[in-house]
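Worksheet: one structure, shown below.
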Amino acid sequence: MFSCADFLSEFGDYLDGCASTELKLCIEEHLRECKSCRVIIDTTARTIRIVTESDTFTLPSNQIEPIVDGVMSRIRGLES
Amino acid sequence: MEAASKSIGNCEGSSSSLWPPPDKRADFMVAIRPFHRLVYLVAFAYAKDSLVAEEIAVNAMASVFRLQSQRQEVDDLKLCLIRATLSEARTYLDRNSSPVLENCREDVGLSLMSQAVTAWRPIPMDTARNNALRGTLMEAIRELSAGAAITLLLRDVFHLTILEIAALIGESHQKVRARLAYGRIVLCVKLAKCVSDCDLAGEPSLAATC
């Protein structure tokens, strides 16, 4: 019997498309019966999509510039 | 961990006898440009502080330049930058006697699951909401343990494989998977709250319960 706890420990591979055929069947069977896990997998998939596709992790230029300046300064300093 | 430390060790050197000419510096700066965000975010995930993360990022990139200048092999710049960043972060935090960063729970238990049980509705992507999401994501990264935050970033933002991440951070494949699952659920919970809190003009919200 595939439980919610089993689902929680395995659904990452399912989302990443690297679950075995057997595991995939178990998860899909569980999802047909468990509304909570359906919501979890749907929400997680969409969260990953937000993180992956949106610009939410793009750094503004005022955050990049000090890093670039710092690297330039450091490698020039190491040269001398 | 030991294997990772050994590889990181290969990225570090001290001699400057084979220093490259200035055009090599320019080439290096161009080559690392696509990875600024990666290096900074990995450093931030470890340090949880933007100024410290900047310092770690600068040190990491400078150490990779030193490696290249010594004509040591850098077969994959991205992976080498990540290794150098992790190494610099560990060194920095050891030196500054920071508190243990791995004390957060990372099991995906039923209590966490119950928090995450919220139905999804579409989230319009406008600037205000993107800013709110960015803040929430950085807050989530700050609250997660270093291991979970780095795993989440490397997998879902920078698309490394589980095996690559396991090799980089020196953890087992199973532990990386567990950390990733935990990080994703925490992010779901955070995002649900954010979208509910910053919902604009009655737009549909992620946080509507099922």
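Chain naming here is simple, since letters A, B, ... match the order of the sequence lines and numbering starts at 1 in each.
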Answer with side chain, backbone, both or neither: which region of B:R33 has an atom nearer than 4.5 Å to a non-hydrogen atom of chain A? neither

Can you check whether B:R184 reaches A:T47 side chain to side chain, under 4.5 Å on heavy atoms? no

Identify which part of B:L152 has an atom lying under 4.5 Å from any heavy atom of chain A, answering side chain, backbone, both or neither. neither

In terms of heavy-atom pairs under 4.5 Å with chain A, which of B:H159, B:E55, B:R155 leads? B:R155

Sorted by chain and residue number, the side-chain hydrogen bond (donor to acceptor under 3.5 Å, both in side chains) partners of B:Q174 (sequence neighbours excluded) come out as none

Taking only residues two or more places apart in sequence, or in another chain, which ones meet A:D6 in a side-chain hydrogen bond (donor to acceptor under 3.5 Å, both in side chains)? A:S3

Could you check whether any side-chain heavy atom of A:I67 comes within less than 4.5 Å of a side-chain heavy atom of B:Y40, counting everything from C-beta outward? yes

Any side-chain heavy atom of B:M61 within less than 4.5 Å of one from A:R74? no

Tell me, please, which residues at least two apart from A:E10 pass side-chain hydrogen bond (donor to acceptor under 3.5 Å, both in side chains). B:R177

Quick check for you: to the nearest 0.5 Å, what is the distance between A:I50 atom CD1 and B:L187 atom CG? 8.5 Å

Output, in order, the C-alpha distance, side-chain angles, deciding distance and verdict of side-chain contact (heavy atoms from CB on, under 4.5 Å) for B:I185 and A:I40. CA-CA 8 Å; B:I185 295 284; A:I40 286 173; 3.9 Å; yes

Proximal to chain B - members of residues 12-22 of chain A, heavy-atom separation under 4.5 Å: A:G12, A:D13, A:L15, A:D16

